[in-house]
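Everything on this sheet refers to the single structure shown next.
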Amino acid sequence: MRMVDLIEKKRDGYALTKEEIQFIIQGYTNGAIPDYQMSAFAMAVFFQGMNDEETAEFTMAMVHSGETIDLSKIDGIKVDKHSTGGVGDTTTLVLGPLVASVGVPVAKMSGRGLGHTGGTIDKLESVPGFHVEISNEEFIELVNKNKLAVVGQSGNLTPADKKLYALRDVTATVNSIPLIASSIMSKKIAAGADAIVLDVKTGAGAFMKELDDAKALAKAMVEIGNRVGRQTMAIISDMSQPLGYAIGNALEVKEAIDTLKGEGPKDLQELCLVLGSHMVYLAKKASSLEEARHMLERAIEDGSALEAFKRFLAAQGGDASVVDDPSKLPQANYVIELEAKEDGYVAEIVADEIGTAAMLLGAGRATKESTIDLAVGLVLRKKVGDAVKKGESLVTIYSNREQIDDVKQKLYENIRLSSERVQAPTLIYDKIS
């Protein structure tokens, strides 16, 4: 078998066999296939695509390029959730304890964020003492005990995907649905979950800006999961404006606490209940989505979801008293209100640009070497569709520098007011199972 022949085959639109795909992934992982040939192959896939069978085989070849996590010692059906990212996406911080509180094991492998704000691990590390450096044995023990634990991503999980992603990034081949779907699903499958709930975002702050593209990606990922024996379903949700109000690490932890008390933003709470219901249903803890949702609503009302969050934080070294006293989370030196310059209605909040404003404050990483400031960020006071009076606060800015004209300008440019009332965007567009 020669790589040049396989590039030519894919270039001409033919489907590759399982053996041919394994040859490509193994050769690229061990260095036998050079970057320039893999670049040509990625471009051929970009233009010709892959069928469902090829995409599933490509995913599994990447899964087997490195370690896989064995979660068989965890009792019950392990359900993982993956979001395709966005601005103010606090769902994991809420979903983990919420779903765990009704007896569903959540064994979460998370990463650090490169972009607007930190990843799930950065956010959790806002809690003094919290750490994710735990052994596999301890991880499994904690999930069996508390139904929830979070660990950092293993260094040798899907090495083929890491190499290929870096290559796609510099060869203009990122936006290929089979390559995106196999990249995401290879990591989820290698992480050992039995069932997977996907939250695929669409809108300005999402990777997939257009709804049709988000649907195509969701369908591709669900198809992969179900083909390889993982029960998989997807929700397509809005990211035209930030989810919830808070954008920033400690600020999002506080918002998660509020949501677990039933006092959080309505859009964040609703999305968590929808995603959580599917997780509970796939874990066979409820016989219908309606029953699953009822269980989760009760867990918020009776305080058991909040207690699950406290247990989880304490078990991984965190100061669980922050749940009752969020002032123990990192605090910014300056709290500045961004005032509306006129009366009107909020017509648009451009999610990705608002995220960039938070990153300018230090809430996210511009490069891998950047240091995150866990205290800083933004809290929206208005969302699309809300009425606003001149002088009223649009955003509260939490900063550790006094001069923030660059941040204010970015916010004013990307929060558009209208004299006419505007409809709030749809939160959930579709469900794919």
Pairing residues for Phe41 by the ring pair (Phe, Tyr, Trp, His ring centres under 6.0 Å) criterion, not counting sequence neighbours: none
Asp212 atom CG: more than 12 heavy-atom contacts under 6.0 Å: no
Atom pair NZ/CD1 of Lys285 and Ile77 - distance to nearest 0.5 Å: 8.5 Å
Asp430: partners by salt bridge (Lys or Arg N to Asp or Glu O under 4.0 Å), with sequence neighbours left out: Lys215
Pair Asn333, Asn400: side-chain N/O donor-acceptor within cut-off below 3.5 Å: yes
Any donor-acceptor N or O pair under 3.5 Å, side chains Tyr429, Asp238: yes
For Ala181, side chain to side chain contact (heavy atoms under 4.5 Å, CB included) partners two or more places apart: Leu217, Ala220, Met221, Ile224
Side-chain ion pair, Glu342 and Lys389, N-O less than 4.0 Å: no
Basic-acidic side-chain contact under 4.0 Å: Arg401, Asp373: no
Non-hydrogen side-chain atoms of Leu313 and Phe130 separated by less than 4.5 Å: yes
Test: Asp258 and Lys254 ion pair at under 4.0 Å: yes
Glu297 bridged to Arg293 by N-O distance under 4.0 Å: yes
Crowding at NE2, His294 (>12 non-hydrogen neighbours, <6.0 Å): no
Ring-face cation of Lys163 near Tyr28 (centre distance under 6.0 Å, axis angle within 45°): yes
Expected output: side-chain Asn226 to main-chain Val222 donor-acceptor under 3.5 Å: yes
Residues in salt bridge (Lys or Arg N to Asp or Glu O under 4.0 Å) contact with Asp52, at least two apart in sequence or another chain: none
Which residues share a side chain to side chain contact (heavy atoms under 4.5 Å, CB included) with Asp75, sequence neighbours left out: Asn144
All pairs passing side-chain hydrogen bond (donor to acceptor under 3.5 Å, both in side chains) where residues 84-106 contributes a residue, at least two apart: Lys81-Thr91, Lys81-Thr92, Ser83-Asp89, Asp89-Thr91, Thr90-Glu252
Ala387 backbone acceptor or donor facing Lys382 side chain under 3.5 Å: yes
Euclidean distance, Lys123 NZ relative to Leu93 CG, rounded to 0.5 Å: 6.0 Å
Qualifying residues under ring pair (Phe, Tyr, Trp, His ring centres under 6.0 Å), relative to Phe46, sequence neighbours excluded: none
Residues forming a salt bridge (Lys or Arg N to Asp or Glu O under 4.0 Å) with Glu138, sequence neighbours excluded: none
Pairing of Arg381 and Glu392 as salt bridge, 4.0 angstrom limit: no
Side-chain ion pair, Lys383 and Asp267, N-O less than 4.0 Å: yes
Inter- and intrachain pairs under ring pair (Phe, Tyr, Trp, His ring centres under 6.0 Å), touching residues 57-106, at least two apart: none
Gap separating the CG atom of Leu98 from the CG atom of Leu273, nearest 0.5 angstrom: 6.5 Å
Side-chain donor/acceptor of Ser237 to backbone N/O of Leu427, under 3.5 Å: no
Non-neighbouring partners of Arg227 that pass salt bridge (Lys or Arg N to Asp or Glu O under 4.0 Å), sequence neighbours left out: Glu223
Summary of side-chain hydrogen bond (donor to acceptor under 3.5 Å, both in side chains) pairs that have at least one residue in residues 178-193, sequence neighbours excluded: Asp80-Lys188, Asp161-Ser183, Asp161-Lys187, Ser183-Lys187
Leu142 side chain near Gln316 side chain, heavy-atom distance below 4.5 Å: yes
Contact list for residues 314-337, test salt bridge (charged side-chain N to carboxylate O under 4.0 Å, His left out), sequence neighbours left out: Lys310-Asp324
